[in-house]
Participant: 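Below are the structure tokens for one structure; questions will follow.
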Amino acid sequence: MFENPKKADGSLFFPPGFVVFATTECGDAYALDAHSTPDGRRPVVLFSRQLIEEGDSLEQLIPHRLEVADSLSDFLVKFASGTLPAAPPG
């Protein structure tokens, strides 16, 4: 096990309301979206480390989020089955 020095810095996402809890081998970030959807879900989203910059606002982050799971438990099921996207678009 090793730390990926190219990973997305979770502190870039927290103020706008995304809690990073994992990264891909390429350093893209999986985050829990703290903003609930209209139906009350808190989905897990994936961000490309190449598209996010320090100081980005919520409005700047939203177009770059790829919803990969309906919830953290759904994420874990998809992770265990190997069905998560390998990389976000872009």
Side-chain angles (χ1 to χ4, degrees):
M1 193 184 293
F2 64 94
E3 181 177 5
N4 182 349
K6 298 179 183 176
K7 71 181 186 294
D9 181 358
S11 67
L12 299 178
F13 301 95
F14 184 71
F18 298 96
V19 181
V20 174
F21 64 89
T23 58
T24 66
E25 290 179 4
C26 297
D28 299 327
Y30 288 107
L32 185 63
D33 187 342
H35 310 94
S36 61
T37 62
D39 59 356
R41 294 180 305 110
R42 291 200 183 338
V44 173
V45 297
L46 180 59
F47 287 101
S48 169
R49 67 179 177 85
Q50 297 172 337
L51 300 176
I52 306 303
E53 295 183 17
E54 187 171 353
D56 281 354
S57 67
L58 177 60
E59 292 76 23
Q60 291 168 309
L61 290 174
I62 291 291
H64 300 296
R65 69 192 274 287
L66 172 65
E67 189 172 315
V68 296
D70 289 335
S71 64
L72 185 55
S73 60
D74 184 38
F75 172 88
L76 294 173
V77 168
K78 289 180 177 182
F79 175 77
S81 66
T83 60
L84 284 172

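Side chains are part of it too, since the values below use all heavy atoms of this structure and drop only hydrogens, waters and symmetry mates.
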Participant: Mind checking whether Val77 and Val45 sit in one hydrophobic cluster, side chains of I, L, V, M, F, W, Y counted as touching below 4.5 Å?
Facilitator: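 No; tracing contacts between hydrophobic side chains, which count when under 4.5 Å, never links both residues.
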Participant: Restricting to non-hydrogen atoms, name the atom on Ser71 and the atom on Val44 that form the minimum distance, rounded to 0.1 Å.
Facilitator: O-CG2, 3.7 Å
Participant: Should Leu46 and Thr24 count as side-chain neighbours, where that means a heavy-atom distance under 4.5 Å?
Facilitator: yes
Participant: Do Phe47 and Phe18 pass the side-chain contact (heavy atoms from CB on, under 4.5 Å) test, and can you show the C-alpha distance, the side-chain angles, and the key distance before you say yes or no?
Facilitator: CA-CA 10 Å; Phe47 287 101; Phe18 298 96; 3.9 Å; yes
Participant: For Phe21, give me all partners under ring pair (Phe, Tyr, Trp, His ring centres under 6.0 Å), at least two apart in sequence or on another chain.
Facilitator: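 Phe21: ring pair (Phe, Tyr, Trp, His ring centres under 6.0 Å) contacts with Phe75.
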Participant: Among all residues two or more places apart in sequence or in another chain, which pass the salt bridge (Lys or Arg N to Asp or Glu O under 4.0 Å) test with Arg42?
Facilitator: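 Scan of Arg42 (salt bridge (Lys or Arg N to Asp or Glu O under 4.0 Å), adjacent residues dropped) gives none.
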Participant: Is there any salt bridge (charged side-chain N to carboxylate O under 4.0 Å, His left out) pair reaching into residues 73-84, and which pairs are they, with sequence neighbours excluded?
Facilitator: Asp74-Lys78
